[in-house]
Novice: 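Here it is, the structure, as structure tokens.
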Amino acid sequence: MTMYSNQIETATVAACFSVTAQEIIAQLIESGTQVVGYGRVGDEQRAKDLENKYNGKLTVLLGDLTDEETCRAFVAKSLDILGGSIDAHYHCAGIFLWSTWEDAEPKDIEQLFSVNFTTAWMLGREIFSAMKPKEAGSIMYVSARDTIRNVPYGFGPYMASKRALNGLVESQAAEGVQYGIKVNAVLPTIIDTEVNRKGMPDIDHNEWVNPSQFASLMIELTQPAKTNLTGALIPVQGKML
């Protein structure tokens, strides 16, 4: 159950097939928001099924979010679909890799930064530019809680890519102040998904972050009334303190 009154009329959601994104989309549409989702090429059937599920309230665009021209085209098309403005953007793209720096392959590091940072920068700057004429809007990224703590063994490459994202959040927020654009990130521990349960069967998932509550928090923090919240890195810890 949501604890806020949703004033977001239009929104975009990156990595729209992820668990968190699915929760965001469902809650936004239920409360009257028109949504455009972004996914990867190859998910055409999933995109069609998702659009059919929401009967005209969701459009899914597929492409490479590390490609400049694709991101620019996505945002232009989104503006056409959403009536000329994007009130909020939720960037849920991200991958995890457990590896020491010694064992990491160059291709692994490249992929981590590509998904966790480059997609955010490449798409985020186009969303930012689209929000400037209206002098309003909110961008919410998803980072990781341990980026603001000492990084544990085996988490170095992953956390480095997420700390780069944190830098984007803080600096883009500074750039957005004069345009009324708010930029923040939520920093979860472990989100309670089926994939995570299978990958970590011995860990108590009751301590993890509930994805529905996580999505609700992200939507609440991006409401137009939250005018003073920008440049924030917000830990979402579940019971993993």
Side-chain angles (χ1 to χ4, degrees), residues 2 6-96 111 114-131 137-142 186 188 191-199 209-219 222:
T2 59
N6 181 29
Q7 302 298 318
I8 299 168
E9 296 182 359
T10 60
T12 53
V13 182
C16 64
F17 302 116
S18 69
V19 172
T20 297
Q22 290 283 289
E23 289 286 351
I24 292 170
I25 290 168
Q27 292 182 31
L28 285 173
I29 290 177
E30 183 181 7
S31 56
T33 306
Q34 185 78 30
V35 180
V36 175
Y38 307 131
R40 295 180 297 182
V41 172
D43 280 328
E44 286 77 10
Q45 187 58 52
R46 293 174 74 187
K48 182 178 179 181
D49 292 343
L50 198 58
E51 288 181 336
N52 290 339
K53 178 180 179 180
Y54 291 111
N55 193 28
K57 295 295 290 183
L58 171 70
T59 302
V60 177
L61 306 178
L62 303 179
D64 180 6
L65 295 182
T66 66
D67 180 74
E68 181 178 11
E69 292 304 318
T70 297
C71 290
R72 187 169 292 129
F74 271 11
V75 173
K77 189 167 185 178
S78 298
L79 289 171
D80 288 341
I81 294 168
L82 299 174
S85 67
I86 299 169
D87 292 339
H89 173 68
Y90 305 91
H91 200 88
C92 302
I95 58 170
F96 174 76
Q111 185 179 28
S114 178
V115 177
N116 294 343
F117 173 73
T118 304
T119 64
W121 163 58
M122 196 71 71
L123 180 62
R125 71 174 181 178
E126 298 301 328
I127 296 287
F128 185 95
S129 294
M131 290 177 171
S138 185
I139 301 174
M140 181 64 75
Y141 296 102
V142 179
V186 280
I191 300 174
D192 188 5
T193 67
E194 183 178 348
V195 170
N196 284 338
R197 288 193 183 198
K198 288 181 178 179
V209 175
N210 178 282
S212 178
Q213 294 179 20
F214 186 50
S216 181
L217 177 64
M218 291 175 69
I219 296 171
T222 49

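Keep in mind that the numbers below use all heavy atoms, side chains included, and drop hydrogens, waters and symmetry copies.
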Novice: Side chain to side chain donor-acceptor pair (under 3.5 Å): which pairs involve residues 85-95, sequence neighbours left out?
Specialist: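 Only Thr12-His89, Asp87-Lys134, His89-His91, Tyr90-Thr222, His91-Thr119 qualify under side chain to side chain donor-acceptor pair (under 3.5 Å).
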Novice: Name the atoms and distances for all side-chain donor-acceptor pairs under 3.5 Å in residues 122-130, with sequence neighbours left out.
Specialist:
residue, atom, partner, partner atom, Å
Arg125, NH2, Glu68, OE2, 2.9
Ser129, OG, Arg125, O, 3.0

Novice: Any heavy-atom pair between the side chains of Tyr54 and Val35 that's under 4.5 Å?
Specialist: no
Novice: Would you name the heavy atoms of Gly63 and Val41 that are closest together and state the gap between them?
Specialist: CA-CG2, 3.8 Å
Novice: If you measure from CD on Glu23 to CG on Leu28, what distance do you get to the nearest 0.5 Å?
Specialist: 11.0 Å
Novice: Between Gln27 and Ser212 (side chain of the first, backbone of the second, donor and acceptor by atom type, cut-off under 3.5 Å), is there such a pair?
Specialist: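 Looks like yes, one N/O pair under 3.5 Å.
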Novice: What are the two closest non-hydrogen atoms of Met218 and Thr20, and how far apart are they?
Specialist: SD-CG2, 4.0 Å
Novice: Could you tell me which residues satisfy side-chain contact (heavy atoms from CB on, under 4.5 Å) with Ile95, sequence neighbours excluded, listed by chain and number?
Specialist: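 Result, side-chain contact (heavy atoms from CB on, under 4.5 Å) vs Ile95: Gln111, Leu112, Val115, Asn116.
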Novice: Mind listing the closest non-hydrogen atom pair of Ser18 and Cys92 along with its distance?
Specialist: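 Taking Ser18 first and Cys92 second, the nearest heavy atoms are OG-CB, 3.8 Å.
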Novice: For a quick test of reading the model, state the closest non-hydrogen atom pair linking Ala21 to Ala14 and the distance between them.
Specialist: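 Ala21 and Ala14 have their closest heavy atoms at CB-O, 4.3 Å.
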Novice: Contact between Lys77 and Thr59 at the side-chain level, heavy atoms closer than 4.5 Å - yes or no?
Specialist: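 Counting from C-beta outward, Lys77 and Thr59 never come under 4.5 Å.
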Novice: Give the minimum heavy-atom separation between Ile8 and Thr10, together with the two atoms involved.
Specialist: CG2-O, 3.4 Å
Novice: If you round to the nearest 0.5 Å, how far is CE of Met131 from CG of Leu79?
Specialist: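 CE of Met131 is found 9.5 Å from CG of Leu79.
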Novice: Testing the basics here: between Val19 and Pro211, what is the closest heavy-atom pair and its distance to 0.1 Å?
Specialist: CG1-CB, 3.8 Å
Novice: Please collect all ring pair (Phe, Tyr, Trp, His ring centres under 6.0 Å) contacts where either partner lies in residues 13-46, sequence neighbours excluded, each pair once.
Specialist: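 Only Tyr38-Phe74 qualify under ring pair (Phe, Tyr, Trp, His ring centres under 6.0 Å).
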Novice: Give the C-alpha distance, both sets of side-chain angles, the deciding distance and a yes or no for side chain to side chain contact (heavy atoms under 4.5 Å, CB included) between Ile86 and Val75.
Specialist: CA-CA 9 Å; Ile86 299 169; Val75 173; 4.3 Å; yes
Novice: Suppose the criterion is salt bridge (Lys or Arg N to Asp or Glu O under 4.0 Å): which pairs have a residue in residues 44-64, not counting sequence neighbours?
Specialist: Asp43-Arg46
Novice: When you look at CG of Asn52, are more than 12 heavy atoms from neighbouring residues, nucleotides or ligands closer to it than 6.0 Å?
Specialist: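 Yes.
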Novice: Got a donor-acceptor contact below 3.5 angstrom from the Thr66 side chain to the Thr118 backbone?
Specialist: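 No; zero donor-acceptor contacts below 3.5 Å.
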Novice: Rounded to the nearest 0.5 Å, what separation is found between the CG atom of Leu61 and the SG atom of Cys16?
Specialist: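 Rounded to the nearest 0.5 Å, the CG-SG separation comes out at 8.5 Å.
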Novice: Starting at CD of Gln34, measure out to CD1 of Ile81 and round the result to the nearest 0.5 Å.
Specialist: 8.5 Å
Novice: For Thr70, enumerate each residue passing the side-chain hydrogen bond (donor to acceptor under 3.5 Å, both in side chains) test, keeping only those at least two apart in sequence or located in another chain.
Specialist: Asp67
